[in-house]
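Atoms considered below: every heavy atom in the structure, side chains included; atoms not considered: hydrogens, waters and symmetry mates. What you see is a predicted model, and the numbers here were worked out from it, not measured in a lab. To find a chain, count down the sequence lines: A is the first, B the second, and so on, and within it residues start at 1.
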Protein chains: 2
Amino acid sequence: MSQRLSAPARREQILDVALDVFANAGFHGASMNDIAEAAGVTKPVLYQHFDSKRHLYQALIEEVGNRLRTNIDKATAEATDGKSQTELGFRAYFRWVADDHDGFRLLFGSGSRRDDEFNDAIRKITAESARAVAPLIAVDIDESHRETLAHAIVGLAEGASRRLVGLGQDFDPDAIAAEVSALAWAGLRAVTPR
Amino acid sequence: MSQRLSAPARREQILDVALDVFANAGFHGASMNDIAEAAGVTKPVLYQHFDSKRHLYQALIEEVGNRLRTNIDKATAEATDGKSQTELGFRAYFRWVADDHDGFRLLFGSGSRRDDEFNDAIRKITAESARAVAPLIAVDIDESHRETLAHAIVGLAEGASRRLVGLGQDFDPDAIAAEVSALAWAGLRAVTPR
DNA sequence: ATACTGAGTTACCGAATGGTAACCGGCTCA
DNA sequence: TGAGCCGGTTACCATTCGGTAACTCAGTAT
């Protein structure tokens with residue numbers, strides 16, 4: 001049945017397959033047997049590459065998080081002003097969502113947030129996005145409120161994406177990004193000092 | 001140890017205690033024994049009031065969802081124009097979050113989204129919020145995009161709340177609501193027909 | 001030929017957990 | 001006073017699932 005693969009190749013394949021399985025069934029809903037079967041091997045093989053189910057899951061969160069981070073960083077690096085930074089950031093975000101539905105569901109789908117260890121990893125990811133957003137609020141405002149608003153903006157993208165992914169259909173990320181970023185930018189400009 | 005309660009009283013107490021336990025440990029992380037112990041009874045008592053663990057959880061989602069819905073509906077009923085509708089809606093939302101941390105975490109914390117059945121229940125709740133938001137986008141725009149933007153706005157509140165609840169401290173819901181609703185309203189006004 | 005390497009399998013264990021059958025004991029009312 | 005209602009308990013079962021020890025077997029280098 002199963003092709004014999006080199007260790008690194010098998011590891012990659014397992015990560016690939018596990019993302020699919022976890023995204024669809026969740027951490028608790030997916031058993032190691034399920035993943036092994038989907039990968040065309042047996043359980044002990046998984047344990048040759050990952051110490052535990054948790055480690056496998058954590059590795060996935062890490063990897064998917066990196067993909068997201070990298071995409072956004074690359075996209076916004078070119079921007080000079082806040083407005084285009086906003087536009088490019090959202091575009092990168094929605095493009096990522098559009099072609100990594102499984103990744104989105106793994107991180108934000110969720111069920112990952114239930115576990116303290118996983119939740120921390122995911123919070124780190126959203127916190128990074130928020131840190132990129134915070135400076136776009138130009139007005140003088142309480143630091144803690146600025147952080148909260150930044151997280152709200154991140155939630156904006158998440159809320160839209162959850163629906164889009166939930167619909168199951170493909171969507172045009174650039175079109176969505178244009179509208180959402182327009183909303184976000186206008187909103188950010190409207191924040192006033194108290 | 002355990003006080004002898006009437007059936008309806010016990011049922012209420014179980015719901016109360018279960019919300020606490022589930023909110024903190026998640027659906028899978030909390031065992032029926034945990035809940036029974038927290039309620040000061042034994043497992044079979046739970047099964048006298050709820051058919052299964054899932055039914056108990058579902059009942060909680062339903063109840064918490066109703067509280068949220070009711071609060072928002074009551075608050076926005078008095079509003080005449082879109083702007084104050086937005087303000088009052090967000091204020092009701094954040095007030096609910098502020099005094100029902102456990103409820104918020106149960107619905108959006110989450111882990112509830114992992115299960116199809118639970119996810120549907122929660123989607124229904126956010127979809128209702130979105131339906132209230134959608135008419136605030138006055139411009140002529142594709143219906144599906146309008147829906148997506150409405151969900152984005154709901155995500156706005158969720159994103160802010162998740163951070164606030166995550167910090168573990170109490171917060172002033174009205175202050176947050178003022179800022180977030182200002183952001184949302186300005187953002188909604190900025191959506192342009194394509 | 002032989003011995004080694006390393007990917008993969010079979011078969012199993014132990015713990016946790018959802019759920020249930022059978023029983024208990026105090027209160028109330030005829 | 002005794003029957004029965006009802007809230008509650010003890011003790012148990014069945015199953016799932018993470019994790020592991022021991023083994024197989026093909027290729028390869030000597």
**Q.** Distance under 6.0 Å and angle within 45° of ring axis: A:Arg54 vs A:Phe118
**A.** yes
Q: Apply the side-chain contact (heavy atoms from CB on, under 4.5 Å) test between A:Leu149 and each candidate in A:Val133, A:Leu188, A:Ile141; give the one that qualifies.
A: A:Ile141
Q.
Is there, by distance only and without an angle test, a donor paired with an acceptor across the side chain of B:Gln48 and the base of D:dG8 below 3.5 Å?
A. yes
In whole angstrom, what separates [X]'s [atom1] from [N]'s [atom2]?
{"X": "A:His49", "N": "C:dG6", "atom1": "NE2", "atom2": "P", "value": "13 Å"}
{"X": "A:Gln13", "N": "C:dA7", "atom1": "CD", "atom2": "P", "value": "14 Å"}
{"X": "A:Arg11", "N": "C:dG8", "atom1": "CZ", "atom2": "C1'", "value": "18 Å"}
{"X": "A:Phe50", "N": "D:dT20", "atom1": "CZ", "atom2": "P", "value": "15 Å"}
{"X": "A:Tyr57", "N": "D:dG19", "atom1": "OH", "atom2": "C1'", "value": "20 Å"}
{"X": "A:Leu46", "N": "D:dC17", "atom1": "CG", "atom2": "P", "value": "14 Å"}
{"X": "B:Leu5", "N": "C:dC27", "atom1": "CG", "atom2": "P", "value": "14 Å"}

**Q.** Partner set under ring-ring contact (aromatic ring centres under 6.0 Å, His included) for A:Phe104, not counting sequence neighbours
**A.** A:Phe108
Q) Which residues pass the ring-ring contact (aromatic ring centres under 6.0 Å, His included) test with B:Phe171, sequence neighbours left out? A) none
Distances for protein N/O vs nucleotides 23-25 of chain D N/O pairs under 3.5 angstrom?
none

Q. Does the pair A:Lys124/A:Glu128 count as a salt bridge with the N-to-O cut at 4.0 Å?
A. no
So which protein nitrogen or oxygen atoms get under 3.5 Å of nucleotides 14-18 of chain C's nitrogens or oxygens?
unit_1	atom_1	unit_2	atom_2	d
C:dG18	OP1	B:Lys53	NZ	2.6
C:dG18	OP2	B:Met32	N	2.9
C:dG18	N7	B:Lys43	NZ	3.2

Q: On the 0 to 90° scale, with breaks at 30° and 60°, tag the B:Phe27-B:Phe22 ring pair as parallel, tilted or perpendicular.
A: parallel
Q: Taking salt bridge (Lys or Arg N to Asp or Glu O under 4.0 Å) as the test, write out the residues that go with A:Glu147, two or more places apart.
A: B:Arg163
Q) Looking at residues at least two apart in the chain, or sitting in another chain, which of them share a salt bridge (Lys or Arg N to Asp or Glu O under 4.0 Å) with B:Glu37? A) none
Q: For D:dG18, take OP1 and OP2 only and decide whether either is under 4.0 Å from a side-chain N or O of A:Arg54.
A: no
Q) For the side chain of A:Pro44, counting heavy atoms from C-beta on, which of D:dT10, D:dG8, C:dT10 is nearest? A) C:dT10
